[in-house]
Amino acid sequence: MELSGGQVLIEALKEEDVEFIFGYPGGAVLHIYDALYEQNSIKHILVRHEQGATHAADGYARATGKPGVVLVTSGPGATNAVTGIATAFMDSIPMVVISGQVQSRFIGSDAFQEVDCIGITRPCVKHNFLVESLETFAETMKKAFHVATTGRPGPVVVDIPKDFTTPGVTVPFDYSKPVEMRSYTPAVDGHPGQIRKAVDLILSAKRPMIYSGGGVVLGDASEQLTKFSRLLNYPVTNTLMGLGAFPSTDPQFVGMLGMHGTYEANMGMHDCDVLIAIGARFDDRVTGELESFCPHAKIVHVDIDPASISKNVKVDVPIVGNVGQVLGEMVKIIEATDKRADSEAIDEWWAQMRAWQSKDCLAYELSDKVIKPQAVIEALWRATNGDAYVTSDVGQHQMWAAQYYPFDKPRRWINSGGLGTMGFGLPAAMGVQLAFPDETVVCVTGEASVQMCIQELSTCLQYGTPIKIICLNNRYMGMVRQWQEFSYEKRYSHSYMDALPDFVKLTESYGHVGMNIDKPSDVDSSLKEAFEMKDRLVFLNFVTDQTENVYPMIEAGKGHHEMRMNPSRELA
Amino acid sequence: MRHIIAVLLENEAGALSRVAGLFSARGYNIESLTVAPTGDPTLSRITIVTSGTERVVEQIIKQLNKLVEVVRLTDLSEISYIEREIMLVKVRAVDSGREEVKRLTDIFRGRILDVTESTYIIELTGDDQKITAFLDALGPDNLVEVVRSGATGIARGEKALKI
């Protein structure tokens with residue numbers, strides 16, 4: 001089969017079972033767009049800004065587990081995509097971004113729409129390739145998908161000069177050759193000796209904690225994690241990225257940990273004697289002050305990325321490998337041995353855990369005058385039977401969604417945890433809805449975040465993605481305001497949102513349905529009404545309490561045991 | 001502590017910048033870095049001299065290994081190895097100083113490559129300590145230009161960094 005560069009790309013994407021490309025045309029990719037025009041197997045989603053393309057592909061990847069694919073032009077097309085690439089990189093999301101480049105003979109000449117895409121994206125990709133010739137293009141695509149989806153996944157950029165996609169200039173197409181990369185051999189199976197050592201330590205625990213992260217979701221190891229945890233009956237906490245990997249409504253689950261984690265999860269971390277970290281990376285938002293992190297614990301750490309081990313916290317039993325495989329092995333060993341954890345000690349530990357839980361750290365004061373943002377999330381959980389795909393932007397609403405919407409399944413909670421990218425939620429929801437047209441997809445956002453990629457409402461109309469946007473509108477960049485309240489003596493420097501658009505009219509002008517809700521008594525009914533509109537995008541603008549804060553909170557420089565609790569509860 | 005890390009990586013455009021970028025992005029220290037093709041033309045060899053705590057160096061090695069183009073690496077300072085660096089130094093050499101510089105060069109087993117009425121260019125090969133000692137012996141006032149290649153290294157005995 002003789003193909004031009006544009007056709008090579010299409011055929012390669014077909015071979016990789018790609019359903020959607022999220023993209024935006026431009027000069028350097030015109031040949032590719034021409035090749036797209038004459039085929040029907042891959043659906044192109046025309047976004048309104050390249051950042052939207054990357055977030056949509058990212059959302060698609062997080063929900064499906066398959067790599068997201070993006071196509072952008074050179075120069076501004078590539079630079080606009082960078083935020084989304086970095087977002088995917090920080091959360092280890094498999095993604096392949098194809099960027100056009102100026103003709104090879106013009107590279108380095110400051111040509112029109114030329115930018116050093118390889119140089120700009122280098123620090124925020126798992127790997128990137130500048131295609132060297134038409135002959136190597138197919139092989140490079142295959143390598144890109146291989147690198148993006150294996151080991152610790154991540155985004156890969158393929159920069160393709162325009163002259164390698166010229167129509168009529170063809171090469172034989174062969175995609176059958178397996179990828180050979182002597183310099184890239186990601187670890188798969190954990191070391192059996194280390195696994196045994198870990199099990200010994202795990203079974204010797206008197207105050208254990210299972211701390212699992214996004215790696216369990218990415219590695220599709222929820223089932224193994226659940227089995228492992230139930231077998232041991234140890235308390236389980238998840239990171240922001242790991243929510244849903246263990247059922248949040250299970251009594252063994254003690255909530256999210258970290259800066260806005262539950263009292264019981266954080267106290268458990270502080271007091272535990274054995275910490276079992278699985279697919280988590282000891283992020284600073286999780287650990288708090290390192291000096292006082294898990295001061296009494298021996299630590300087991302399972303991760304597919306050797307560089308994640310002992311990066312921030314020195315661990316006692318490191319295991320490099322696929323988390324699902326390692327957990328499966330551990331379960332086998334535990335099932336085969338007579339040795340069991342000291343059940344008396346574990347019972348005592350659970351009694352302590354229940355005592356911490358009785359503090360009811362997530363309780364908040366309800367009001368009949370003003371809508372409490374937490375109440376909206378709880379109502380959303382009821383309205384969707386706790387089974388929606390929920391994307392979020394970044395800030396207070398993100399934390400409330402994580403705290404008040406218990407996720408029972410993996411890949412349902414989709415947010416930018418690592419980079420913290422405002423503007424992520426709406427396009428990500430679009431990508432999720434395209435993957436699952438019949439599922440309920442919700443974007444929890446704020447009036448500040450949603451404006452960062454609001455233009456994608458237009459894309460949502462074009463491709464009929466009936467997502468529901470839950471905007472917790474407090475007329476502030478809430479999280480910034482909260483920090484200014486706590487740490488800057490309430491000097492609210494540029495954190496208020498003035499001159500806001502009328503979101504109902506704005507949504508309507510994009511051809512969707514908008515709703516304004518400002519009475520607490522209307523929260524449930526408005527959600528019901530919105531979810532009944534199955535084929536329409538509905539923007540629900542909830543006018544919420546302006547001064548509500550996210551609690552509990554571990555402030556900078558503090559340890560897990562030094563949480564700031566909701567003051568309205570402290571007084572009660 | 002000072003570490004000398006030898007890295008084999010794919011001889012591809014941009015591979016070096018990934019290594020250099022890694023060090024700057026993560027705030028690792030580079031004392032010197034040398035790069036050249038190897039006997040196998042598809043591979044380059046980089047020698048990096050760095051310093052840091054044990055934990056930092058462990059991270060440097062892991063992060064280097066994580067780079068897709070890095071094929072293999074070794075921390076030479078963990079094993080028995082030979083280190084060499086070449087230095088070309090232009091020295092002010094006038095009057096009685098000329099004889100003194102020549103004597104020093106002989107003691108350090110250097111070679112004088114170029115002679116003018118007022119300067120010598122000396123070639124010296126050795127490890128970091130020898131080169132530093134020679135520069136100290138010459139004295140800062142006599143140095144016109146110092147050109148150092150950066151360290152390279154190789155493991156002693158059977159051990160070899162190759163594929």
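Quick note on labels: first sequence line is chain A, next is B, and so on, each numbered from 1. Atoms considered below: every heavy atom in the structure, side chains included; atoms not considered: hydrogens, waters and symmetry mates.
- Of the atoms belonging to B:Ile163, it is side-chain heavy atoms, and not backbone ones, that fall under 4.5 Å from chain A.
- B:Lys66 NZ to A:Ser308 OG: the interatomic distance, rounded to the nearest 0.5 Å, is 5.5 Å.
- Proximity of a side-chain donor or acceptor of A:Lys314 to a complementary backbone N or O of B:Arg55 within less than 3.5 Å is not detected.
- Interface remark: B:Val70 contributes backbone atoms only to the contact with chain A (heavy atom separation under 4.5 Å).
- Enclosure of atom NZ in B:Lys102 is not indicated, since only 12 or fewer non-hydrogen atoms of other residues, nucleotides or ligands lie within 6.0 angstrom.
- Dense packing is recorded around CZ of B:Arg2, with more than 12 heavy atoms of other residues, nucleotides or ligands lying under 6.0 Å away.
- If you take CD on B:Glu12 and CZ on A:Phe129, they are separated by 8.0 Å, rounding to the nearest 0.5 Å.
- Counted within 6.0 Å of CD on A:Glu132, heavy atoms from surrounding residues, nucleotides or ligands total 12 or fewer; the atom is thus considered open.
- Interface remark: A:Leu130 contributes no atoms to any contact with chain B (heavy atom separation under 4.5 Å).
- Other residues, nucleotides and ligands contribute over 12 non-hydrogen atoms within 6.0 Å of the NZ atom of B:Lys62.
- The heavy-atom pair separating A:Met181 from B:Val68 by the smallest distance is CE-CG1, 3.6 Å.
- Proximity to chain B involves both the backbone and the side chain of A:Asn128, based on heavy atoms less than 4.5 angstrom apart.
- In this structure, the separation between CG on B:Leu8 and OG on A:Ser183 is 11.0 Å, given to the nearest 0.5 Å.
- Contacts of B:Thr42 with chain A are made by both backbone and side-chain atoms, with heavy-atom separations under 4.5 Å.
- With a threshold of 4.5 angstrom between heavy atoms, A:Asp116 does not approach chain B through any atom at all.
- Proximity to chain A (any heavy atom under 4.5 Å) is restricted, for B:Glu58, to the side chain, taken from C-beta onward.
- With a 4.5 angstrom heavy-atom cutoff, B:Gln59 touches chain A only via side-chain atoms.
- The structure places CG of B:Leu22 at 11.5 Å from CZ of A:Arg122, a figure rounded to the nearest 0.5 Å.
- A:Lys66 NZ: more than 12 foreign heavy atoms inside a 6.0 Å radius.
- Annotation for B:Asp136: atom CG counts as buried by contact number, over 12 foreign heavy atoms lying within 6.0 Å.
- Around the CZ atom of B:Arg92, the shell of radius 6.0 Å holds no more than 12 heavy atoms that belong to other residues, nucleotides or ligands.
- Residues A:Arg182 and B:Leu43 are in side-chain contact: their nearest non-hydrogen atoms beyond the backbone lie under 4.5 Å apart.
- The parts of B:Arg18 that come within reach of chain A are both its backbone and its side chain, each placing non-hydrogen atoms under 4.5 angstrom from that chain.
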